Number of protein chains: 2
Amino acid sequence: MKKTKPDTIDTLSGGELGFLVSAVRSTIWSSIEAELQPLDITAAQFVVFNSIALGKGRTIGEFCRLLGYDSGAMTRLLDRIEKKGLVRRVANPEDRRSFLLELTPESKALFPQAKRRVQTVFKRLLAGFDEAQAAALKLALEQLLANAARTS
Amino acid sequence: MKKTKPDTIDTLSGGELGFLVSAVRSTIWSSIEAELQPLDITAAQFVVFNSIALGKGRTIGEFCRLLGYDSGAMTRLLDRIEKKGLVRRVANPEDRRSFLLELTPESKALFPQAKRRVQTVFKRLLAGFDEAQAAALKLALEQLLANAARTS
DNA sequence: TGGCAAATTCTGACTAGGCAGATACATTGC
DNA sequence: GCAATGTATCTGCCTAGTCAGAATTTGCCA
């Protein structure tokens with residue numbers, strides 16, 4: 001049996017928040033997967049792709065920290081992306097232990113299209129949200145993160 | 001290198017919402033894991049445990065649909081929980097293909113304690129939220145789900 | 001300088017979820 | 001009653017993430 005979208009839950013207990021957040025995450029993720037499938041890019045791959053394209057980091061380690069990825073997972077994720085020719089590992093002249101990540105010419109050309117597709121996903125998901133509501137959602141999520149950080 | 005909590009991101013683009021939701025989900029998840037570790041229960045196991053205890057379903061298939069789990073994943077998750085003696089598969093007299101799920105006496109005794117621990121996690125995460133804010137967060141997340149369902 | 005702790009990346013072992021196919025049973029329509 | 005179809009669960013295979021530990025390189029400090 002394939003995975004199904006969860007039926008709704010009706011209580012208001014704390015656990016429901018966890019359930020909702022999980023469901024939203026998986027929904028966002030699979031919407032992006034579906035939208036990027038024609039380009040043969042997975043959602044995880046896009047996240048890295050996007051971060052490199054936006055210059056959010058330079059080395060593998062920086063992207064691990066930025067994206068909350070384990071270094072082992074990142075190694076293998078990069079292996080997959082590199083095999084598709086979207087990313088290149090380049091020796092870091094400042095530190096011979098590490099690698100810099102670069103887009104390839106092909107992926108630079110592909111990026112705008114992928115980005116646009118992902119943006120349409122979020123636009124669709126946020127339909128009916130005005131600026132204030134979107135900002136409040138973002139703020140609430142950030143507050144949750146801050147609360148968690150405060151006590152761990 | 002172990003997984004690290006992601007550093008913050010500074011743009012307002014749509015992708016950030018995906019990032020935030022992922023981070024929140026993983027934070028909730030690992031907070032629960034940490035809180036339940038003394039009881040030797042994982043977060044995934046608690047979710048099933050909790051659903052059974054609250055009578056949200058009866059058969060394996062019902063819990064798959066309720067929790068958005070693949071049936072293969074559920075089979076193996078139940079194997080692990082059953083091995084710990086928290087849950088029992090019981091033949092379903094109404095349908096010989098399926099199994100009903102029951103808590104064991106030990107797990108019934110353990111449940112209140114686990115539940116309490118999970119509640120303290122959410123209380124901590126929702127520190128500073130008043131009723132209206134919590135309700136707004138819940139509503140926003142539900143709206144996202146509804147938007148996704150509408151177009152898939 | 002020499003030596004040692006820390007950082008960067010990679011690898012292997014393990015856990016876990018998703019999908020496809022298999023099996024057993026149930027239901028429907030004839 | 002029986003065939004065809006559908007449903008519930010399980011198994012095998014694949015992908016993916018986590019953790020522990022290794023190899024290499026760097027930086028620091030005596």
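For clarity, every value in this text was computed on a predicted model and none was experimentally measured. To find a chain, count down the sequence lines: A is the first, B the second, and so on, and within it residues start at 1.
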Worksheet item: How close or far is atom C1' of dC19(C) from atom OH of Y69(B), stated in whole angstroms?
Response: 16 Å
Discussion item. If I take atom CZ in residue R25(A) and atom P in nucleotide dA16(D), what distance separates them, rounded to the nearest angstrom?
Written reply: 13 Å
Item to complete: Please state whether the phosphate of dT9(C), meaning OP1 or OP2, lies under 4.0 angstrom from any side-chain nitrogen or oxygen of R65(A).
Response: no
Item to complete: Consider the side chain of R96(A), meaning its heavy atoms from C-beta on, and name the nucleotide among dT26(D), dT9(D), dA16(C) that approaches it most closely.
Response: dT26(D)
Worksheet entry | Separation of atom CG in L67(B) from atom C1' in dG18(C), rounded to whole Å | 16 Å
Worksheet item: Can you find a heavy atom in the side chain of T42(B) that is under 4.5 Å from one in the side chain of L36(B)?
Response: no
Worksheet item: Below 4.0 angstrom from OP1 or OP2 of dC10(D), is there any side-chain N or O of T75(B)?
Response: yes
Worksheet item: Ignoring hydrogens and angles, are the base of dT18(D) and the side chain of R76(A) linked by a donor-acceptor pair under 3.5 Å?
Response: yes
Discussion item. Regarding dT9(D), can its base be found pairing with the side chain of R97(B) as donor and acceptor, where the two atoms are less than 3.5 Å apart?
Written reply: no
Worksheet item: Expressed in angstrom and rounded to an integer, what is the separation of F63(A) atom CZ from dT9(C) atom C1'?
Response: 15 Å
Worksheet item: Can you check the I81(A) CD1 to dG17(D) P distance for me, whole Å?
Response: 10 Å
Worksheet item: For the pair made of CG in D40(B) and P in dT15(C), what is the distance, rounded to whole Å?
Response: 13 Å
Discussion item. Donor-acceptor pair, distance only, cut-off 3.5 Å: does the side chain of T104(B) make one with the backbone of G85(B)?
Written reply: yes
Item to complete: Could you state the atom-to-atom distance from CG of N92(A) to P of dT24(D) in whole Å?
Response: 19 Å
Worksheet item: Where each residue is assigned the nucleotide of DNA chain D containing its nearest heavy atom, which of M74(A) and D95(A) is assigned the position nearer the 5′ end?
Response: M74(A)
Worksheet item: Quick one: are Q113(A) and I41(A) in side-chain contact, heavy atoms under 4.5 Å?
Response: no
Worksheet item: Any donor-acceptor pair under 3.5 Å between the side chain of S98(B) and the base of dC25(C)?
Response: no
Discussion item. Taking the nucleotide of DNA chain D with the nearest heavy atom to each, does L77(A) or L78(B) sit closer to the 5' end?
Written reply: L78(B)
Worksheet item: Phosphate oxygens OP1/OP2 of dA16(D): is one of them under 4.0 Å from a side-chain N or O of R80(A)?
Response: yes
Worksheet item: Would you say L86(A) and L100(A) are hydrophobically clustered, going by side-chain heavy atoms of ILVMFWY under 4.5 Å?
Response: no
Discussion item. Check this for me, if you would: do R89(A) and D79(A) make a salt bridge, where the nitrogen-to-carboxylate-oxygen distance has to be below 4.0 angstrom?
Written reply: yes
Practice prompt. Starting from P on dC14(D), measure out to CG on D70(B) and report it in whole angstrom.
Written response: 16 Å
